[in-house]
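Everything numeric in this text was worked out from a predicted model, so none of it was measured. Because only heavy atoms are used, hydrogens play no part in the values below, and waters and symmetry mates are left out as well, while side chains stay in.
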Number of protein chains: 2
Amino acid sequence: MVTIRDIAEATGVSATTVSNVIHGKDNRVSAETIQKINEAIKELGYVPNMSARSLVSSSSRVIGFVNHVITRENTNFMEDPFHSAAIGAIEATLRENGYFLMLRTVENAEELVTFLQRWNMDGLFFTGIFKDKFFDSLAGLHIPVVLLDSYVHTSGFCNVGLEDFTGSYNATKHLIEKGHRHIGFASPNIKDGGVLQERFLGYKSALAEAGIPFEKGIVFQQEMDLNSCRLICNDIVEHPELTGLVVSADIMAAGIMTGLKEKGKRIPDDISIVGFDDISLSQLVDPPLTTIHQDMNLKGRLAVDFMLQLLSGKTLDTTEITLSTRLVERSSVKDLR
Amino acid sequence: MVTIRDIAEATGVSATTVSNVIHGKDNRVSAETIQKINEAIKELGYVPNMSARSLVSSSSRVIGFVNHVITRENTNFMEDPFHSAAIGAIEATLRENGYFLMLRTVENAEELVTFLQRWNMDGLFFTGIFKDKFFDSLAGLHIPVVLLDSYVHTSGFCNVGLEDFTGSYNATKHLIEKGHRHIGFASPNIKDGGVLQERFLGYKSALAEAGIPFEKGIVFQQEMDLNSCRLICNDIVEHPELTGLVVSADIMAAGIMTGLKEKGKRIPDDISIVGFDDISLSQLVDPPLTTIHQDMNLKGRLAVDFMLQLLSGKTLDTTEITLSTRLVERSSVKDLR
DNA sequence: GGGTAAAAGTTTAACGTTTAACTCATTCTA
DNA sequence: TAGAATGAGTTAAACGTTAAACTTTTACCC
């Protein structure tokens with residue numbers, strides 16, 4: 001391994017001078033020396049050792065992307081399509097700015113804090129569901145934190161979210177406006193304080209506003225895979241009064257469409273469906289899915305914008321961004337009027 | 001920050017003893033002292049500093065997952081659904097074994113080597129297309145390397161791949177057996193030495209074997225997004241003789257199906273389609289897509305298996321695994337016989 | 001020509017951890 | 001009972017980098 005000291009020796013200066021040149025503090029160094037040092041760096045193939053740097057400067061240039069899972073069972077980081085979309089964008093931007101990205105799943109606050117401390121992390125992206133007190137331990141670390149899709153509004157953290165409530169409200173309202181009165185809600189398991197709960201509340205709110213009584217029996221919760229969707233379909237067809245269905249995630253909507261078609265139901269003639277997310281799949285299913293569009297890529301970019309600003313020590317004018325959604329009408333909803 | 005020295009002071013022993021206890025080298029320490037130290041660690045909330053550890057032991061416990069891109073243009077790490085699937089599995093397993101995962105895109109070998117050296121990486125997962133000489137610099141680092149879907153068989157590296165050629169050969173043969181004689185090939189841009197090239201060669205080989213002349217004019221290359229697929233469809237409909245199409249990725253197959261349906265073509269009546277990958281979407285499109293199935297999750301798990309074995313210093317019986325594929329018949333192929 | 005400032009460095013200590021080599025009792029063995 | 005072995009540690013150096021505090025030489029000002 002080529003060290004800074006090797007460069008120093010090769011050029012006949014001290015290690016500090018080499019370090020200064022590397023860090024662009026070259027106002028203290030003659031042009032001639034700078035050139036000699038840079039040449040030696042090229043020649044010998046010097047690569048800075050981040051461990052040493054991090055140790056002495058207590059800044060590691062590492063940013064963590066941490067996903068909080070409740071249990072270890074389904075611990076796959078990438079199950080949510082948002083993650084994949086966001087991480088790609090985040091990695092690219094961070095890299096351009098000289099930062100590194102570490103990926104991690106944690107089960108609890110302690111694990112998270114330990115992770116950050118171990119590596120002297122410079123910043124944190126955080127997704128998942130959590131209680132306020134989860135963050136007490138985080139706040140003490142005094143590093144930039146950007147929350148993604150969090151409904152915890154702890155002061156001091158940046159937050160990039162989505163109008164989940166309003167989006168789902170609009171999805172439901174759209175069905176109501178098309179003359180539907182019996183509208184079910186299907187969703188992956190709704191957890192307290194999460195995105196899906198907001199979407200559920202938006203659905204209920206739209207019903208209430210239209211004077212339609214809420215019925216527990218037509219709320220269907222299951223995993224997102226095709227087989228679980230088929231199970232849901234068994235339940236759905238037992239409610240022949242249903243003409244419309246709001247589904248809180250497009251992947252699930254697609255699964256349910258498949259399941260219903262297998263049972264001989266026609267979409268939208270027998271049942272209308274509105275999804276949520278507008279993933280690329282949604283225009284590919286048959287019929288193309290009417291859904292609530294969100295810009296996941298933008299969400300990722302805004303998150304990393306926040307992070308970079310925080311890292312540069314700027315004081316922010318805003319710490320909270322809630323992206324809006326819009327309804328994309330395709331062909332999965334029938335007009336009953 | 002609580003250091004090992006704080007623990008040492010609190011318990012009245014030396015730093016070395018604390019270090020020994022932490023690392024389970026406690027044969028040199030009395031049971032009583034061990035307990036006192038462990039209590040102090042809990043009490044004071046000691047967290048080991050990985051930078052310091054890495055600096056002195058030249059092992060960082062960090063594994064890199066690096067994707068090689070040819071240009072910086074489309075630099076999103078996650079565009080390939082395989083990556084998301086694999087990374088989740090890899091992160092989980094590495095974490096369980098006390099390793100950390102760093103994500104990174106690189107443009108060339110130099111960038112890769114620098115990345116690995118900066119952090120003293122313990123291992124590397126690598127995906128992407130590359131020339132043999134790309135690896136010469138890698139070999140000198142003497143760290144475990146696991147290649148994913150690589151068609152470079154440099155000795156010394158582990159390799160987890162797929163029977164891309166055979167899969168695509170079978171897809172094409174399937175159409176031929178169903179009586180098709182005019183079979184096109186659609187694909188994202190085929191690059192030398194990559195997965196897509198193998199799939200292309202498999203297609204050609206099946207044609208050749210059946211005595212069907214290869215026609216350049218019915219090979220369609222485009223990006224994977226829906227609009228590019230529509231462009232392809234413009235071309236496709238200008239070849240009315242085509243009754244079958246092999247598509248080298250399901251995402252694209254779905255896009256093409258949509259595009260063709262928009263143009264009034266019926267699938268499979270007017271044109272039959274066979275995809276590749278069997279992503280979850282493939283059973284959701286209409287008609288459900290006949291495709292070549294691969295187990296991406298298994299690919300990720302095998303890769304991390306390799307890595308863990310290499311890290312533990314075992315000598316491996318195999319360093320190369322090529323997963324097989326299988327044809328999944330759904331409803332996108334018409335029997336012409 | 002005395003004092004100040006600038007230019008171009010150097011020296012030293014520190015960051016937190018590990019490792020190799022050492023110490024000093026006590027116990028065992030022949 | 002001398003010597004070896006064991007148990008339970010300790011000391012000191014090292015890993016590569018940086019930051020703060022120095023040093024030396026030359027130039028400049030009035």
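Take the nearest nucleotide of DNA chain D for B/Thr17 and for A/Asn49: the residue whose nucleotide is more 5' is B/Thr17. Between A/Asn20 and B/Val56, the residue anchored closer to the 5' end of DNA chain D is B/Val56, taking for each the nucleotide with the nearest heavy atom. Residues A/Ala15 and A/Ala31 both approach DNA chain C. Their nearest nucleotides, taken by heavy-atom distance, put A/Ala31 toward the 5′ side.
Within 3.5 Å, no donor on the side chain of A/Ser51 pairs with an acceptor on the base of D/dT17, nor the reverse. Checked by distance alone, A/Thr3 brings no side-chain donor or acceptor within 3.5 Å of a matching partner on the base of D/dT17. At a cut-off of 3.5 angstrom, the base of D/dG7 holds no donor-acceptor pair with the side chain of B/Arg28. Taking 3.5 Å as the limit, the base of C/dT19 and the side chain of B/Thr16 contain a donor-acceptor pair of atoms between them. Judged by atom type and distance alone, A/Thr33 does not reach the base of C/dA8 through any side-chain donor-acceptor pair under 3.5 Å.
In this structure, a donor-acceptor pair under 3.5 Å is present between the side chains of A/Thr127 and A/Asn67.
Ring pair A/Phe115/B/Phe100 is parallel by interplanar angle, where below 30° counts as parallel and above 60° as perpendicular.
Look at B/Ser19 and you'll find a side-chain N or O under 4.0 angstrom from OP1 or OP2 of C/dT18.
A distance of 11.5 Å separates CD1 in B/Ile41 from CG in B/Asp6, rounded to the nearest 0.5 Å.
For A/Tyr46, whose side chain is taken as the heavy atoms from C-beta onward, the closest listed nucleotide among C/dT19, D/dT17, C/dT10 is D/dT17.
As rounded to whole Å, 6 Å separates atom P of D/dG16 from atom CE of A/Met1.
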